[in-house]
Structure formats: structure tokens, C-alpha cells
Amino acid sequence: MIKPGLQILTLIFILGITSSAQAQFINLQLRIEPELSATVEQDLDFGTQVTNSGRTEIQLGDINMGVFKIRAFHTQNVYLNLNYPNVLENNEPGIEAEIPMGLSMSYNNSGVNLPANSSLLPADGGLVSIHERTELENRNDVWKEMYIYVYGYIEIGNIPNGIYTGDIVLSVDYD
């Protein structure tokens with residue numbers, strides 16, 4: 001049996017503990033950026049061609065070459081591969097005409113869009129570091145950019161007028 005005075009003392013003790021308890025709140029905000037982004041800076045454009053005009057080339061550094069920009073974490077490695085058909089085909093049903101095509105791809109991983117300082121990638125693609133220097137100059141410098149350049153030729157023979165197309169796919173895989 002508990003004495004009435006002891007019950008009051010126990011109740012006061014419990015109330016004293018609960019009234020001195022404090023809560024802590026943490027306001028945590030996270031900003032998570034994607035590991036990699038790729039954008040088309042400029043489309044590859046051979047322009048309008050005339051039947052039997054022969055070979056039309058777009059060289060590395062020409063105004064009509066294709067330019068892609070890849071932004072990723074400074075230590076990221078990417079595997080680049082360019083898939084394209086050997087010929088462009090006429091869009092009209094029943095017309096079997098083709099335009100032969102050959103493309104090349106170069107990259108610049110110095111962070112500057114400068115084709116003259118780019119390196120050629122093999123035709124079957126290759127693994128490249130997103131930036132040539134992986135050490136950080138400052139803590140805010142963790143995202144780097146690299147540039148991909150696509151250029152090449154088409155050969156216009158004795159073909160009917162029309163629209164000739166083909167799918168060119170730049171694959172960027174990262175680890």
C-alpha cells in the first residue's frame with residue numbers, strides 16, 4: 001500500500017520530468033542533381049544538295065558540324081558511341097535511291113568548346129574521362145563539361161530529288 005503523500009510526491013516528480021523535456025527539430029534540404037546531362041548545341045547540317053553534285057564534306061571545326069555538350073561529375077567516365085547508317089534513304093515509297101555517308105566523332109574534355117583541341121574517337125566508340133583533370137580547384141567546381149563533335153561527308157550521285165534521311169544516334173553511357 002502506497003501512502004497518500006508518496007503518491008503526490010511521485011506525481012510531482014513525473015510532472016517535473018515531462019515539463020523539462022525539449023524537442024529538437026532539424027530542417028534538412030537536399031539538392032540532388034542528375035549524374036549526367038547531354039544537350040545538342042548544334043545540329044549536323046549538310047544543307048540542300050543538287051543531283052550529281054558529288055562529295056560534300058563537313059570538316060572538324062566547320063560551322064555545320066554537329067556539337068553536343070555533356071555535363072557530369074568531374075571524375076565521371078563516359079562511353080561514347082556514334083551509330084549511323086552507311087546511306088541516307090529517300091522518304092518516298094518505291095524510290096530505292098540512296099546517298100552514301102561517312103561520319104567521324106571527336107571530343108574535347110578540357111571544358112572549353114574548341115574543336116581544334118579535340119581528340120578523334122575510334123569508329124567503334126571509346127571510354128573517355130569527362131574532364132582531363134580530375135582534381136578540384138575549389139569545392140564548387142565538381143561539375144565539368146565536355147564537347148563532342150560530329151562531322152563527315154555525303155556523296156550525291158545521279159538520284160531523284162526528294163528528302164533523304166537516316167537516324168544518327170550518339171550513345172552516352174556512364175559508370
Side-chain angles (χ1 to χ4, degrees), residues 33-137 141-175:
E33 296 190 34
E35 290 187 44
L36 183 132
S37 67
T39 57
V40 177
E41 297 289 301
Q42 181 174 299
D43 291 325
L44 176 65
D45 184 9
F46 285 100
T48 302
Q49 301 294 317
V50 178
T51 299
N52 284 324
S53 60
R55 189 179 187 112
T56 300
E57 290 190 27
I58 295 176
Q59 298 290 330
L60 177 63
D62 285 352
I63 192 79
N64 291 330
M65 73 177 175
V67 180
F68 299 87
K69 178 173 73 173
I70 299 173
R71 183 177 182 268
F73 195 68
H74 69 103
T75 58
Q76 191 80 51
N77 292 320
V78 292
Y79 182 79
L80 302 171
N81 191 19
L82 187 66
N83 292 314
Y84 63 93
N86 292 329
V87 295
L88 300 174
E89 297 176 346
N90 194 303
N91 285 355
E92 292 294 321
I95 298 179
E96 301 283 331
E98 299 174 334
I99 298 175
M101 172 176 67
L103 298 178
S104 297
M105 177 173 55
S106 294
Y107 70 94
N108 183 343
N109 64 347
S110 69
V112 180
N113 184 1
L114 193 58
N117 292 347
S118 66
S119 300
L120 182 65
L121 271 169
D124 59 348
L127 186 67
V128 179
S129 175
I130 199 71
H131 199 266
E132 61 189 16
R133 294 186 356 222
T134 58
E135 72 277 358
L136 288 178
E137 295 172 11
D141 200 22
V142 296
W143 299 100
K144 298 292 185 179
E145 296 173 345
M146 79 179 308
Y147 293 88
I148 310 297
Y149 308 105
V150 179
Y151 50 96
Y153 72 90
I154 57 175
E155 186 82 35
I156 308 294
N158 188 14
I159 57 172
N161 290 336
I163 298 174
Y164 293 80
T165 61
D167 291 330
I168 301 170
V169 179
L170 172 62
S171 299
V172 180
D173 296 315
Y174 62 96
D175 58 6

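Only a predicted model underlies this, so the values are computations on that prediction, with no experimental measurement involved.
With rounding to the nearest 0.5 Å, the separation of CG in L36 from CE in M146 is 10.0 Å. Distance check, rounded to the nearest 0.5 Å: CD1 of I154 to CD1 of I58 gives 7.5 Å. Between atom CZ of residue F46 and atom CE of residue M65 there is a gap of 12.5 Å, rounded to the nearest 0.5 Å. Atom-to-atom distance recorded for Q49:CD and E155:CD is 10.5 Å, nearest 0.5 angstrom. Once rounded to the nearest 0.5 Å, the distance linking CG of L170 with CG of L103 reads 11.5 Å. Note that CD of E57 is 9.0 Å distant from CG of D62, once rounded to the nearest 0.5 Å.
In this view, P85 and M101 satisfy the side chain to side chain contact (heavy atoms under 4.5 Å, CB included) rule, not counting sequence neighbours. In this structure F73 satisfies the ring-ring contact (aromatic ring centres under 6.0 Å, His included) test together with W143, sequence neighbours excluded. By the side chain to side chain donor-acceptor pair (under 3.5 Å) test, N108 is found to be paired with S110, residues two or more places apart in sequence or in another chain being considered. With sequence neighbours left out, the side chain to side chain donor-acceptor pair (under 3.5 Å) criterion links S53 to no other residue. Here N91 pairs with I163, T165 under the side chain to side chain contact (heavy atoms under 4.5 Å, CB included) rule; sequence neighbours left out. With sequence neighbours left out, N161 forms a side chain to side chain donor-acceptor pair (under 3.5 Å) with T51. Scanning for side chain to side chain contact (heavy atoms under 4.5 Å, CB included) contacts around T48 gives an empty result, with sequence neighbours left out. Partners of N113 under the side chain to side chain contact (heavy atoms under 4.5 Å, CB included) rule, at least two apart in sequence or in another chain, are V67, P115, Y147, Y149. Partners of E92 by salt bridge (charged side-chain N to carboxylate O under 4.0 Å, His left out), not counting sequence neighbours: none found. E89 meets the side chain to side chain donor-acceptor pair (under 3.5 Å) test with no other residue; sequence neighbours excluded.
Using a 4.5 Å heavy-atom cutoff, the side chains of N64 and L44 are not in contact. Two residues are said to be in side-chain contact when any heavy atoms from C-beta on lie closer than 4.5 Å; I156 and I99 meet this criterion. At least one side-chain heavy atom of S118 sits less than 4.5 Å from a side-chain heavy atom of L60. Side-chain contact between I70 and I130 is present, with at least one heavy-atom pair separated by less than 4.5 Å. A 4.5 Å side-chain heavy-atom check between Y164 and I159 finds at least one atom pair inside the cut-off.
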message: Apply side-chain contact (heavy atoms from CB on, under 4.5 Å) to residues V169 and L82 and explain how you reach the verdict.
response: CA-CA 6 Å; V169 179; L82 187 66; over 6 Å; no
task: Step by step, work out the side-chain contact (heavy atoms from CB on, under 4.5 Å) result for L121 and V128.
output: CA-CA 9 Å; L121 271 169; V128 179; 3.9 Å; yes
task: Evaluate the criterion side-chain contact (heavy atoms from CB on, under 4.5 Å) for residue pair L80 and S171; output intermediate values, then yes/no.
output: CA-CA 6 Å; L80 302 171; S171 299; over 6 Å; no
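Using a distance-only test at 3.5 Å, with no hydrogens or angles considered, no donor-acceptor pair links the side chain of Q42 to the main chain of F68. At least one donor-acceptor pair under 3.5 Å links the side chain of S129 to the backbone N or O of H131.
For residues 95-107, the set of pairs meeting the side-chain hydrogen bond (donor to acceptor under 3.5 Å, both in side chains) definition, not counting sequence neighbours, comprises S106-Y151.
Nearest approach of G162 to N90, heavy atoms of both residues: CA-ND2, 4.1 Å. Nearest heavy atom pair, residue Y174 against residue V78, reads CB-CG1, 4.1 Å.
Around atom CG of D167, no more than 12 heavy atoms belonging to other residues, nucleotides or ligands sit under 6.0 Å away.
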